[in-house]
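Right, one structure below, let's go through it.
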Amino acid sequence: MSKKTLSESDICAKYITPAVVHAGWDEALQIRREVFFTKGRVIVRGKLHTRGEQKRADYILYYKANIPLAVIEAKDNKHSVGSGMQQALNYAETLGIPFVFSSNGDGFLLHDRTGLAEKTEQELTLDAFPAPAELWQRYCQWKGLATADARHTVEMPYYDDGSSRAPRYYQATAINNTIEAVAKGQQRILLVMATGTGKTYTAFQIIWRLWKSGTKKRILFLADRNILVDQTKNNDFKPFAAAMTKISKRQIDKSYEIYLSLYQAVTGNEEEQNIYKQFSPDFFDLIVIDECHRGSAAEDSAWRVILAYFASATHVGLTATPKETKDVSSIFYFGEAVYTYSLKQGIEDGFLAPYKVVRIDIDKDLQGWRPSKGQLDKNGELIEDRVYNQIDMDRTLVLEKRTELVARKITEFLVATDPYAKTIVFCDDINHAERMRQALVNLNPERVQENRKYIMRITGDELEGKAELDNFINPEERYPVIATTSKLMSTGVDAQTCKLIVLDQHIKSMTEFKQVIGRGTRINEDYDKYWFTIMDFKKVTELFADKDFDGEPVMIYEPKGDESPVPPEDEPEIIFDENGNPVPPYSADEQLPPFEKGGIEGGFDDPGTKRVKYVLADVTVYVISERVQYYGPEGKLITESLKDYTRSTVRKDYASLDDFLRRWSKTDRKVAILQELETHGLLLEALADDVGKDFDAFDLICHVAFDQPPLTRRERADQVKKRNYFTKYGDQARQVLETLLEKYADTGIENIEDIKILTLDPFTNMGTASELVSAFGGKPAYLAALYELEKQLYA
């Protein structure tokens, strides 16, 4: 058999795999075939979703299970030896792999991404494929792993519990880059990973490998929320077992190796409360700081006091949102991130949930409201005479009918989609969160009658609401469904099944905005959570258009000598006490910016400060505009109708109607074309809802993408009957074809193409499936008759 006639699979089996094995690669341990490393982007239109194509490498070669060294892209022999190189380079860049090969079975083209080779690309014969030791040596040279100790640290395997769970590709890269930085002696390390991408699991694997290798013997994991520490201890860090302890009740036991702690649990205002000093400064070898954009970004923070005390330890900062302002900098302390995995990349890969935005504008927000002369509010306060607009709403001006309108729009959305979809409503302060809770209760009496916890206010000041936080984030617990909050749930809350985020809060800080959006970005396939909706009442989602929304963090910090940095007005630091409650960020004798008086930080009023809020019950408000935007290509929000989107999607694959008709007529199974279009984002069900459920997929596509007048399935079936072409078949075969035609008219082309339909009613009344196929003279003749029927349908 000629090499040119072999399939790609045959080329792999007969030439590529033997060549790699001959070079000394272990087929069972070091060679992985057809590795899918992304999930396929979730594409949302209307109420439905589909997944795009997964990325798949033909081969990935590993030195150890946790160290990928090379990727190989295979092609059949009709292609040149290097024709797969550009595709392979794309994969290698994503995976952080240095050695890239393309092959057609005649030999290999090697592309060396390390920059250390004399020639970046060179052709190799089949018997010249490099051995594992050779590529490992070059890898170590590239990474600067000069000592045996450094290589020992890097080679230490992941924790494996025997299940199939392994780090995703980006987690593996983050872990390896961090381990390699530690192995080379780097003392300050920053890791940036979007919310929902598994930072804590990644941290666990980093600590596990450093601990097991003996590189770091005593380790401290710091967080500023009790819930974060407890989630970490009980879930991802569980394998540390008896070696691990949580510092609590201000008690220190020096017999453990892995310590988890709230920083508030080891610090205090008085010297004797700083119990971390019971450890010697060199006690810890490694400190991992979770959500490091909060506590350690500012030079005068309590976290930094702890880090300065344990200065000899390696410090690893984890965050989804590094904080970079003129006053505060994550990069200044930790250095440039050793790895960044962005929200945009996570959505593109299909590991994070995309979003659609429902933007609702209210008349008084945009057009403003002015009191009449001498007008008093509900509480008898004289209202200052000026124009109040969106910046004032729920800060200095409370319009009760506005709160009711927001609550009504939330309720209408949930009723139309899923009344039990987990929902977080972000409000400006605790007072606003309570008013919103009341308004939602009054609009949902039946749901509240079912369970009083259908709607709960979950804020730092209220114990009963806070106690329901665990139930809210637990996918198995139905209640609470709707949580109204201010700051407490904006960060560190792992709400896997949250499907609706409502923004009725003034957010100007990019860091806070990304944290809030992160509450919805997790995918949970078991609970049908693939995407989420953001309902925006205060123009917060305009931040999506900011060039910094999902870009690389850039340091703009300006050290000011001995001056303590002052938090910017719109980006106040959220501080939590030992019990996880938000506390005021300013001391009693400091003057708050005007719009922050009254406890915007979780609703706690500072002593000596008072914010005037005018409350009005009778000012009418209404919606002046409402629009839906989708997460589109390149992470941009697009406002586009389903028809426009369908047209552009189809025309990417088919430039003209003739192209589409030619492919449709030549393809034996029309379902294959529809499946291909669906992987590119076409949503036929949503399109049928929009255009008409009686149309076949063929007519939907031709009508919307190419402006052709559509026919219903019944009209197409009736046209075939009029042609009377069934007469050339015997009685039983003719009866089968007529029944298939009726099935097509009822349900469409997809069902009649599956031969299993012959095992269902009403075909079972005509005979067994094998008898019905025999009536045509066998399976090939049956399939030929089905193909002829389809030709008649689409003639």
Side-chain angles (χ1 to χ4, degrees), residues 46-51 418 525-528 530 660-661 663-679 682-704 710-795:
K47 300 175 185 177
L48 302 173
H49 73 274
T50 185
R51 276 200 184 267
D418 174 8
E525 297 186 4
D526 293 339
Y527 290 86
D528 197 34
Y530 292 90
F660 178 71
L661 294 178
R663 174 83 188 282
W664 188 268
S665 63
K666 284 183 178 178
T667 303
D668 289 346
R669 293 187 72 250
K670 315 306 181 197
V671 172
I673 297 176
L674 302 179
Q675 288 172 342
E676 185 180 288
L677 283 169
E678 284 181 345
T679 64
L682 186 68
L683 285 166
L684 285 168
E685 269 190 75
L687 193 62
D689 286 341
D690 202 33
V691 179
K693 290 184 175 294
D694 295 330
F695 296 119
D696 184 42
F698 172 84
D699 282 281
L700 288 172
I701 292 167
C702 289
H703 173 59
V704 173
L711 293 175
T712 65
R713 292 190 300 271
R714 174 57 62 192
E715 286 170 336
R716 287 196 176 277
D718 289 345
Q719 283 186 354
V720 173
K721 287 179 184 175
K722 288 174 187 173
R723 294 188 197 116
N724 206 25
Y725 91 100
F726 293 139
T727 53
K728 63 182 179 180
Y729 296 99
D731 289 345
Q732 191 173 30
R734 187 166 65 249
Q735 188 181 6
V736 169
L737 291 172
E738 288 171 348
T739 307
L740 285 171
L741 193 60
E742 281 301 309
K743 281 288 183 185
Y744 163 82
D746 288 340
T747 61
I749 195 69
E750 296 94 327
N751 289 326
I752 72 168
E753 286 195 333
D754 189 344
I755 199 168
K756 290 179 182 174
I757 196 171
L758 299 180
T759 64
L760 306 174
D761 286 338
F763 296 98
T764 50
N765 299 326
M766 305 175 199
T768 65
S770 59
E771 287 171 348
L772 299 181
V773 169
S774 297
F776 291 86
K779 187 175 180 180
Y782 169 77
L783 294 175
L786 181 61
Y787 181 61
E788 174 66 21
L789 175 61
E790 290 182 345
K791 279 182 69 176
Q792 293 290 328
L793 277 168
Y794 302 112

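Treat the numbers as computed from the prediction; the structure is a model and nothing was measured. Start at 1 with the first residue, then count along the sequence.
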key: Gap between atom CG of D694 and atom CG of L711 - 0.5 Å precision   =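 L711 atom CG to D694 atom CG measures 12.0 Å (nearest 0.5 Å).
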
task = First locate atom CD1 of I755, then atom CG of L786, and finally report the distance between them rounded to the nearest 0.5 Å.
result = 9.0 Å

task = Please work out whether the ring planes of Y782 and F776 are parallel, tilted or perpendicular, with thresholds of 30° and 60°.
result =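 Y782 and F776: perpendicular rings.
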
Are side-chain heavy atoms of [X] and [Y] found at a separation under 4.5 Å?
| X | Y | answer |
| --- | --- | --- |
| I673 | I701 | no |
| Y787 | T667 | no |
| I749 | Y794 | yes |
| C702 | F660 | yes |
| L793 | D696 | no |
| R723 | V720 | yes |
| Y530 | D528 | yes |

key: Test: E790 and R716 ion pair at under 4.0 Å   =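 Salt bridge absent between E790 and R716.
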
message = Closer than 4.0 angstrom, basic N to acidic O: yes or no for E738 and K743?
response = no

note = Test side chain to side chain contact (heavy atoms under 4.5 Å, CB included), reference L741, set L789, D718, I752, output is L789

Given T739, L740, T747, V736, the one that forms side chain to side chain contact (heavy atoms under 4.5 Å, CB included) with I757 =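 Option passing the side chain to side chain contact (heavy atoms under 4.5 Å, CB included) with I757: L740.
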
ask   = Is there a donor-acceptor contact under 3.5 Å linking the side chains of E715 and Q719?
value =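 Side chains of E715 and Q719: no pair found under 3.5 Å.
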
query = Does the K670 side chain pair with the main chain of W664, one donor and one acceptor, at a distance under 3.5 Å?
reply = yes

key: E753 side chain vs V671 backbone, donor-acceptor pair below 3.5 Å   = yes

message = Show me the pairs that pass side-chain hydrogen bond (donor to acceptor under 3.5 Å, both in side chains) and involve residues 754-766, at least two apart or across chains.
response = D761-T764

key: Smallest separation among heavy atoms of Q732 and A775, with atom names   =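 Heavy-atom minimum between the residues: OE1-CB, 3.5 Å.
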
task = Go through the steps for K779 and L783 under the test side chain to side chain contact (heavy atoms under 4.5 Å, CB included), then give the verdict.
result = CA-CA 6 Å; K779 187 175 180 180; L783 294 175; 4.2 Å; yes

